[in-house]
J.: 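Let me begin by handing over the structure; questions about it come next.
What you are looking at is a predicted structure, and each value in this text was computed from that prediction instead of being measured. Chain letters run A, B, ... following the sequence lines, proteins first, then strands; residues in each count from 1.
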Amino acid sequence: MRLSKGFWQTYKEAPTDATIPSHQLMVRAGLIHKSGAGIYNYLPIGLRSIQKVENIIREELNKDDCYELTMSVVTPGELWQESGRWDSMGPLMLRAKDRGNRDLCISPTNEEAVVDIFKKSIKSYKQLPVTLYQINTKFRDEIRPRFGVMRGREFTMKDAYSFHASWECLEKGYQTLYRAYERIFTRIGLNFIAVEADAGAMADGKQKTHEFQVLARSGEDKVIFCKETGYAANIERAETSREKLDFDLSSPELKEVSTPGTATIEDVCNFLKQPQHRSLKSLVYSIINGEEEEFVLALLLGDDDLNEIKLNLWAKADHVKPATDNQLNQLGFVKGYIGPYDLKAKVKVIFDKEINLDGAYSTGANKDDAHFTGFVPSRDLKDIEKVDLRLSKSGDIHKADGKEGVVEEISGIEVGHVFQLGDKYTKSMNATVLDQNGKAVNPFMGCYGIGTTRTVAAAIEQSHDEDGIIWPVTIAPYHVHFATITKTSEYEELGDEIYDLLKENFEVLYDDRPKLGPGFKFKDADLLGLPIRVVLGERDHKKDSLFEIKVRKTKETFKVSKEDLISKIKELLEGAS
RNA sequence: CGGAGCGUAGCGCAGGGGUAGCGCACUUGCUUUGGGAGCAAGGGGUCGUAGGUUCAAAUCCUAUCGCUCCGACCA
């Protein structure tokens, strides 16, 4: 593209709402333009990167016999009513009525649509397995869109769906897509890990699911990772243990002590001069199932935190949330001094698995300014239920296959997700095939997503410097940024000639804008961050007849003749990818 | 949904009852050309919207809409 005729505008300053590097750089480099909250226009140069990501995805999925189709962005409400998600999706789904007062929605995802297509096309197990995918616009009315296209409301996603006659076949299909994802993100040049994840609302929590997380400081997700055992899991899901702790196993006397003004674990433990893991954290949670609400008292070591997702899984609830101050009062709890002993309220008490039930702990006495010390659960309470409730954290231990290591907590950006859905949707939407015995069965499904626009943002988040973006070669909008610094028409013509030469071999952005100073052009080149910059400067070329090549990533420069230009760039591009 | 802000030129911001401003960007001309050039001359605004107070409102008051940040939430 010739800039003198092209469409491109850069900015020295980023808008104030852009708080992370990828968002700031995408706006400053003229790749995207905000249209509304969480809604973006993709400008010509930015679109090229998105399309490159899409093409890499296509190439890799097509290798594994996945078939691309396109489903409608606007879908009829009936489909969602059939699966039951018209209600359960809630305000996340953007809805509308057409002129006939029929319900419509903008697809936040496409399980319903793809099952509908499947139902009308596939009748026999002999036609399975099959995997369909599309790369298409989604809309999710997020509570708080932010970080540019990283968490937009409208975004593009590759979503794939596989159908299988048996669970074994689903397992195989899942592995196939998992490996395709590894190839895709490797080609894009991302530093990623696949982590065990929580199935959330998509499944009932038993099926396998992995997230592909790009490691980046600004990531919204937390990942627990162990070098020694290779364990990697989303913190929502991670199961690790504490390093060895010195519990008080002397079975001291249970007694009430006055602990004025110590409503936090930290205050109590300072006051009692004991480590925090010798106190118990008592949390009252509301367990909500439809209209029903009950309460549970969850106990954790004083320096551990509750993982609400684990509590939710244990409770098999619609959702769980901390009891409100009012609810605590009604149950007879005193905020800051809650404990499992001498309970006034009838609530179920559960202990985290890391609590040594024979150890002695301090715990709230259920009255103002008082705690118990010497509370030994196995001695002082009946009916103890142990549950894995704690949130993993840095410094925990993970053991697997005879190996053991300390885990660390890192931030990640979720760019891909693979799920085993099972028969949830084929059942609810009554999709069947005939098996070998002529019996109608619900096939098993897998679903697999990649946020394409988010992937571009993640790549920038991972690869930039103070001057701008540093594109991985595979998704750079162009390979070569060719800039001329000319004074005479003679050199403008030479520039055009070189552009034609480069164009035959590479994707080239030609900065032929007249009358712009070198500094201006260099700043723009660094900001956009194409892998290779080539400069024809009239001043220098008059002296040595050479061209300057600069590698964006390493800042190395080379001076080469016209004859060597193409081969040198090829060599550098290969080295960079 | 809780808390906190902001809406003034394309972007970044100042002004705070009495003439609509600055920097960047944009247009024209001349000079400049190896790290966001200089000079000169320009274009661009119903100060988010609607009411109110006032001789007079961008400015004060009320409502409303939009946007953002922190948190909660979240395929």
Side-chain angles (χ1 to χ4, degrees), chain A residues 8-20 23-24 27-28 30 33-39 85 88-93 107-111 138-148 151-153 155 157 159 161 197-203 205 207 209-212 220-221 234 236-237 308-309 312 319-322 324 414-421 424 446-451 454 466-468 483-488 491 511 513-528 533 535-543 547-548 550 555 557 559:
Chain A
W8 193 44
Q9 177 67 52
T10 56
Y11 306 89
K12 272 193 196 175
E13 286 174 295
T16 23
D17 61 359
T19 55
I20 60 167
H23 185 190
Q24 293 168 339
V27 174
R28 286 190 53 213
H33 181 255
K34 184 160 88 168
S35 158
I39 307 174
R85 287 209 288 185
S88 66
M89 271 283 171
L92 188 73
M93 192 155 81
S107 301
T109 175
N110 287 74
E111 282 80 9
K138 304 284 180 290
F139 193 96
R140 294 181 190 175
D141 198 358
E142 298 276 354
I143 296 170
R144 183 138 109 83
R146 60 186 134 176
F147 302 149
R151 178 170 290 272
R153 294 195 293 172
F155 56 98
M157 182 167 110
D159 45 323
Y161 306 89
D198 175 62
M202 291 301 298
Q207 293 97 329
T209 169
H210 287 84
E211 291 167 350
F212 287 76
E220 291 187 275
D221 290 348
N234 191 304
E236 294 175 343
R237 150 94 191 195
E308 288 190 5
I309 286 166
N312 203 345
H319 60 278
V320 299
K321 59 176 190 192
T324 62
E414 181 192 342
V415 289
H417 207 152
V418 292
F419 277 106
Q420 293 179 346
L421 283 175
K424 177 173 171 157
C447 79
Y448 318 88
I450 294 178
R454 180 185 281 185
E466 62 281 2
D467 294 319
T484 50
I485 306 158
T486 56
K487 297 170 195 172
T488 63
Y491 266 83
D511 190 351
R513 291 174 294 183
K515 294 182 180 178
L516 282 180
F520 194 95
K521 289 193 173 186
F522 294 159
K523 287 285 183 190
D524 264 357
D526 287 345
L527 179 60
L528 181 59
R533 185 183 84 193
V535 174
L536 165 59
E538 183 160 345
R539 186 197 69 185
D540 289 6
H541 189 268
K542 267 188 176 141
K543 284 184 226 154
F547 297 84
E548 180 191 280
K550 183 165 184 179
K555 299 186 173 162
T557 58
K559 298 282 273 186

J.: One character per nucleotide, please: for nucleotides 24-35 of chain B, 5' to 3', B when the base has a protein heavy atom closer than 4.0 Å, S when only the sugar-phosphate does, - otherwise.
T.: SS-------BBB
J.: Going by the rule ring-ring contact (aromatic ring centres under 6.0 Å, His included), which residues pair with A:F139 if we only count those two or more places apart in sequence or in a different chain?
T.: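 Applying ring-ring contact (aromatic ring centres under 6.0 Å, His included) to A:F139 gives none.
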J.: Enumerate, in order of first residue number, the stems that involve RNA chain B, defined as 3 or more consecutive Watson-Crick or G-U wobble pairs with both distances under 3.5 Å.
T.: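 RNA chain B stems, ordered by first number: B:1-7 with B:65-71, B:10-13 with B:21-24, B:26-31 with B:37-42, B:48-52 with B:60-64.
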J.: Would A:F155 and A:R454 count as a side chain to side chain contact (heavy atoms under 4.5 Å, CB included) here? Give the steps.
T.: CA-CA 8 Å; A:F155 56 98; A:R454 180 185 281 185; over 6 Å; no
J.: Return the set of residues passing side-chain contact (heavy atoms from CB on, under 4.5 Å) with A:K555 (not counting sequence neighbours), or none when no residue passes.
T.: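 For A:K555 the side-chain contact (heavy atoms from CB on, under 4.5 Å) partners, ignoring immediate neighbours, are A:D465, A:E466, A:D467, A:K550.
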J.: If you assign each of A:A14 and A:E220 to its closest nucleotide in RNA chain B, which residue comes earlier from the 5' end?
T.: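 Going by which nucleotide is closer to the 5' end, it is A:A14.
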J.: Tell me, please, which residues at least two apart from A:E236 pass side-chain contact (heavy atoms from CB on, under 4.5 Å).
T.: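 Applying side-chain contact (heavy atoms from CB on, under 4.5 Å) to A:E236 gives A:D198, A:N234, A:I309.
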J.: Go through the structure and list residues passing side-chain contact (heavy atoms from CB on, under 4.5 Å) with A:K34, not counting sequence neighbours.
T.: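 Counting only residues at least two positions away or on another chain, A:K34 forms a side-chain contact (heavy atoms from CB on, under 4.5 Å) with A:D17, A:Y40.
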J.: Name the residue closer to the 5' end of RNA chain B, choosing between A:E414 and A:R28 according to the nucleotide with the nearest heavy atom.
T.: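 The residue mapped nearer the 5' terminus is A:R28.
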J.: Can you sort out the partners of A:E548 under salt bridge (charged side-chain N to carboxylate O under 4.0 Å, His left out), two or more places apart, ordered by chain and number?
T.: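 So A:E548 forms a salt bridge (charged side-chain N to carboxylate O under 4.0 Å, His left out) with A:R533.
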J.: Can you sort out the partners of A:Y11 under ring-ring contact (aromatic ring centres under 6.0 Å, His included), two or more places apart, ordered by chain and number?
T.: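 Once residues adjacent in sequence are excluded, A:Y11 has no partner under the ring-ring contact (aromatic ring centres under 6.0 Å, His included) criterion.
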J.: Report all interatomic pairs (protein N or O, nucleotide N or O of nucleotides 64-68 of chain B) with separations under 3.5 Å.
T.:
| unit_1 | atom_1 | unit_2 | atom_2 | d |
| --- | --- | --- | --- | --- |
| B:U68 | OP1 | A:K34 | NZ | 3.4 |

J.: Excluding sequence neighbours, so at least two apart, what forms side-chain contact (heavy atoms from CB on, under 4.5 Å) with A:K487?
T.: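 Testing A:K487 for side-chain contact (heavy atoms from CB on, under 4.5 Å), a comparison that skips the adjacent residues, returns A:E538.
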J.: Please identify each residue that fulfils ring-ring contact (aromatic ring centres under 6.0 Å, His included) with A:F212, with sequence neighbours left out.
T.: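 By the ring-ring contact (aromatic ring centres under 6.0 Å, His included) rule, A:F212 matches A:Y178, A:Y181, A:F185.
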J.: Going by the rule salt bridge (charged side-chain N to carboxylate O under 4.0 Å, His left out), which residues pair with A:D524 if we only count those two or more places apart in sequence or in a different chain?
T.: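 With neighbours one apart ignored, the set is A:R513.
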J.: Can you find a donor-acceptor pair, distance only, under 3.5 Å between A:R151 side chain and B:C74 base?
T.: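 Such a pair exists between side chain and base.
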